[in-house]
Amino acid sequence: MIMLSLPLGSYLGSELSRFLGLQNVEVIHKVFPDGETYLRIPSLTLGKHVMLIQTMFPEQDRRIVELLYVVETLKSKGVKHVYAAIPYLAYSRQDKEFLEGEVVSVNSLLRLLRCAGLERIFVVDLHSEVTLREFEGFIENLIPVKTFVKYLSKYVRGDFLIVAPDVGALKRVKPLSEALNIDYIVINKFRDRVTGQVVHELPSNVDVKNKKVVIVDDIISTGGTIANIASYFRRLGVDEIHILASHGLFVGNALEKLIASGVTHITVLNTTGVKVTHDMVSYLDISEELADFIKEKLPLNE
Ligand code: R5P
């Protein structure tokens, strides 16, 4: 097997292939003046097995097209097994028909990837359990507990609380709490059906005054969710508010919003092609844990 890095995978491709013990080859690419995508796959990739690496933010739609074209080309040239590591899977939050007639984008995307010839994909911290169930056997989802625990164990002590911003976040918060032996709390999330406004509220028996918290979520997009909770925690007298998330999209003025809300520090994985340079933001490398996860799921010696 060899690894083939697509345009937005190459920043992770060399590290990931090193941990996987695979040769890494880069897809040659450019954008034509009219905006169309040009791709060329070096011929040495035409073995039996290929592992692609491509992430899907920013420019989600372009990244998807690149991946579809490369998979289809490899299959049409006779590559038998094509897999992909996709650290950030775009559209994962559009996982239901919220309004009648809406496209369930993540389902369409996954079916297209499968139709193009992908056999299995390896993603990091997928947003939706519904998607996971629907595409069981096609998606392998890594919850990055090892990387998170290694990082948190450096500074998180007994005076900390781990916070799940909603019930969905429990799947990553519970194992962290167990591994670090630190208590966790879950925030109740209410949506006002009329205004659409989201309100966060702590269970009544929880006191966070003078505590330090680490809020663990999957995605920071506009920063609204975390900023909302951080402002609420500040009003309740929380001492330090650390943020740990898998995917940092930092759309628009997300960082300014988070800083203004009173967060102490933000740490995210390097699952997207966005790299914010600021004292308040740190990045953790996911390549080793992702490589171990892929090795566990797939025989690589062919
Ligand atoms: C919500 O269910 C997700 O887990 C994230 O909390 C949310 O998508 C973050 O988005 P934003 O940063 O725009 O609030």
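Whatever order the structure lists them in is the order used to number ligands and atoms, beginning at 1.
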Exercise for review: Classify the contact between T222 and ligand 1 as side chain, backbone, both or neither, using a heavy-atom distance cut-off of under 4.0 Å.
Suggested key: both
Review point. Which of the atoms of ligand 1 are close to T225, meaning less than 4.0 Å from one of its heavy atoms?
Key: 6 (O), 7 (C), 9 (C), 10 (O), 11 (P), 14 (O)
Practice item. Determine whether the side chains of S282 and H265 contain a donor N or O and an acceptor N or O closer than 3.5 Å. Key: yes
**Study point:** D217, portion touching ligand 1 at heavy-atom distance under 4.0 Å
**Key:** side chain
Check your understanding: Any chance the side chains of D95 and T131 put a donor and an acceptor closer than 3.5 Å?
Key -> no
Check your understanding: Do we see a donor-acceptor contact under 3.5 Å between the side chains of D61 and Y91?
Key -> yes
Exercise for review: With heavy atoms of I220 as the reference, note each atom of ligand 1 found under 4.0 Å away.
Suggested key: 12 (O)
Review point. Any idea how H49 and H81 line up, ring-wise: parallel (<30°), tilted (30 to 60°), or perpendicular (>60°)?
Key: parallel
Check your understanding: Cation over ring, R172 on F148, under 6.0 Å and within 45°?
Key -> no
Practice item. Would you mind listing which atoms of ligand 1 come within a distance below 4.0 Å of any non-hydrogen atom of D218? Key: 3 (C), 4 (O), 5 (C)
Check your understanding: Any luck finding a side-chain donor-acceptor pair between T271 and H247 under 3.5 Å?
Key -> yes
Exercise for review: Nearest heavy atom to atom 2 (O) of ligand 1 wins, so pick from K257, H247, H127.
Suggested key: H127
Practice item. Among all protein heavy atoms, pick the one closest to atom 10 (O) of ligand 1 and tell me residue, atom and distance. Key: R93 NH1, 3.6 Å
Practice item. Using a strict 4.0 Å cut-off to heavy atoms of G223, name the atoms of ligand 1 that fall inside it. Key: 11 (P), 12 (O), 13 (O)
